[in-house]
Amino acid sequence: MITTAVFDTKPYDRDSLTRASANTDLDWRFLEFRLTRETAPLARGAPAVCVFVNDQVDRPCLETLAAQGVKLVALRCTGYNNVDLAAAKALNLKVTRVPVYSPYAVAEHAVALLLTLNRKVHRAFNRVREMNFSLHGLVGFDLHGKTAGIVGTGKIGRIVAQILRGFGMRVLAFDPFPTPDWAAQQGVEYVDALTLAGLSDVISLHIPLTPETKHLIRRETIDRMKPGAILINVSRGALIDTTALIEALKSGRLGGVALDVYEEEEGIFFEDLSGQVLQDDELARLLTFPNVLITSHQAFLTHEALSDIARTTMDNITALAAGGPFVDGSVLA
Ligand code: NAD
């Protein structure tokens with residue numbers, strides 16, 4: 001029996017991991033709180049921990065895990081900006097992630113946000129339920145014939161680009177590691193970042209959060225964008241400087257913003273805070289704009305993605321016991 005302490009467990013994690021591990025010797029210790037240096041002792045006796053995007057896997061946390069006898073930190077997500085990999089290496093802790101799971105889940109959510117925001121479906125839904133059948137203020141624009149800018153043409157960005165080509169949009173892309181054959185096949189044009197910013201009616205971010213990409217969207221870069229552009233971010237919150245974003249929304253510089261991620265989402269997203277006073281003033285301000293649409297990091301939430309995530313996580317835990325091999329592309333440390 002191999003026990004894994006699963007931190008920040010939500011009902012859908014419990015379902016997908018339990019289903020995937022039926023008839024195996026894997027055992028899950030489901031914990032509903034996040035992994036931090038304070039909660040790390042709760043991993044005692046488990047050779048593996050399973051964590052998600054908002055667990056704080058910093059050096060002190062890893063030191064405590066190692067002292068408890070933990071050997072593997074298995075991330076059930078793609079991004080790993082919340083893990084101190086250098087510390088993990090030094091402590092001889094293996095760290096794995098899920099390198100690929102349904103990229104369609106995330107790409108389709110980005111497009112869902114775009115369509116909802118542009119055609120004001122979120123406002124129409126509330127209005128009609130109040131028996132307000134007025135169309136006042138609900139005018140959108142045709143995506144057909146407009147220009148989309150895709151920042152990052154990895155697994156997810158490429159699918160978003162293809163879907164938007166299907167709408168009849170001109171699609172521009174920027175990526176320091178372009179895939180020219182794919183672009184030629186799909187009718188996507190690679191341009192430099194400034195050209196993309198200046199020509200795009202819709203900009204969608206599909207890049208990892210790194211020290212280089214932190215606050216990629218800030219006052220200077222927003223100033224380069226087409227006035228009235230729509231910005232979509234389903235990648236990581238800190239790609240955008242929230243203070244600059246709020247200024248651009250107040251001044252009308254941006255036409256609308258759809259976010260599935262938020263710079264300070266930790267401790268807020270994934271939780272039911274409906275009975276509490278929201279303490280984050282910038283998030284509270286964002287929620288007042290009619291042209292801002294926010295979902296709480298749910299782009300990955302499809303049956304297909306959850307089952308892919310559970311399968312890779314399970315295979316890596318099994319590999320720990322068997323001495324390898326780990327899932328291709330999943331080992332970070
Ligand atoms: P990927 O690694 O396949 O692609 C990322 C691409 O970004 C690469 O092609 C890379 O060259 C490019 N890139 C890096 N820095 C860049 C820069 N400064 N400008 C332009 N391009 C740059 O990753 P992916 O699977 O497509 O995922 C993208 C991001 O989506 C992940 O890093 C993760 O943070 C986020 N994500 C979010 C959710 C969610 O539920 N909201 C789910 C999965 C992934």
Side-chain angles (χ1 to χ4, degrees), residues 8 10 12-13 16 51-54 75-83 85 97-114 148-163 171-183 186 188-197 200 203-218 220-221 224 231-240 258-263 265-266 268-270 293-306 308-309 312-313 328-330 332:
D8 207 10
K10 299 289 183 256
Y12 46 82
D13 298 314
S16 59
V51 303
F52 197 49
V53 293
N54 289 327
L75 287 130
R76 55 182 188 280
C77 53
T78 311
Y80 49 89
N81 48 283
N82 53 333
V83 183
L85 292 181
R97 64 171 180 149
V98 180
V100 190
Y101 61 81
S102 173
Y104 301 99
V106 185
E108 289 172 13
H109 192 73
V111 177
L113 290 179
L114 169 60
I150 306 296
V151 183
T153 52
K155 294 176 286 298
I156 296 167
R158 286 204 298 272
I159 294 166
V160 174
Q162 286 166 215
I163 296 173
V171 176
L172 307 178
F174 170 71
D175 194 309
F177 301 97
T179 40
D181 291 349
W182 163 81
Q186 299 295 332
V188 170
E189 304 159 53
Y190 276 110
V191 293
D192 60 72
L194 284 184
T195 306
L196 182 147
S200 300
I203 294 181
S204 196
L205 307 178
H206 301 286
I207 57 177
L209 175 63
T210 62
E212 293 72 44
T213 61
K214 182 166 186 214
H215 288 182
L216 179 79
I217 306 297
R218 52 186 183 274
E220 307 90 85
T221 43
R224 303 287 191 154
L231 178 65
I232 313 284
N233 185 12
V234 297
S235 288
R236 282 294 179 269
L239 295 174
I240 300 180
L259 306 174
D260 186 51
V261 285
Y262 167 62
E263 215 176 346
E265 69 179 54
E266 195 186 311
I268 299 177
F269 281 18
F270 307 113
L293 178 62
I294 299 181
T295 51
S296 67
H297 210 136
Q298 73 174 75
F300 71 99
L301 203 60
T302 67
H303 293 298
E304 292 78 3
L306 287 171
D308 292 348
I309 290 168
T312 302
T313 304
D328 220 19
S330 71
L332 298 169

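FYI, side chains are in, hydrogens and waters are out, and symmetry mates aren't considered; it's all heavy atoms of this structure. Counting convention: from 1, in listed order, for ligands and their atoms alike.
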(request) Given side-chain hydrogen bond (donor to acceptor under 3.5 Å, both in side chains), test T179 with Y190 step by step and report yes or no. (result) CA-CA 9 Å; T179 40; Y190 276 110; 3.1 Å; yes

(message) List the protein residues in contact with ligand 1, where contact means a heavy-atom separation under 4.0 angstrom.
(response)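 Heavy-atom contacts below 4.0 Å: Y101, V106, V151, G152, T153, G154, K155, I156, F174, D175, P176, F177, H206, I207, P208, T213, V234, S235, R236, D260, H297, A299, F300.
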
(request) Tell me, yes or no, whether the heavy-atom count around D192 atom CG, taken from other residues, nucleotides or ligands under 6.0 Å, exceeds 12. (result)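 Atom CG in D192 is crowded, with more than 12 foreign heavy atoms closer than 6.0 Å.
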
(request) Output yes when a side-chain donor or acceptor of T302 lies under 3.5 Å from a complementary backbone atom of A305, and no otherwise. (result)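 Here the side-chain-to-backbone pair exists.
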
(message) With a 4.5 Å cut-off on side-chain heavy atoms, are L239 and K214 touching?
(response)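 Side chain of K214 against side chain of L239, heavy atoms only: no contact under 4.5 Å found.
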
(message) If you define the side chain from C-beta out and look only at heavy atoms, does anything of R236 sit under 4.5 Å from V53?
(response)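 SC-SC contact between R236 and V53 confirmed.
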
Contacts under 3.5 angstrom, residues 100-111 side chains, donor-acceptor by atom type, not counting sequence neighbours:
| unit_1 | atom_1 | unit_2 | atom_2 | d |
| --- | --- | --- | --- | --- |
| S102 | OG | Y104 | N | 3.3 |
| S102 | OG | A105 | N | 3.2 |
| H109 | NE2 | T295 | OG1 | 3.0 |

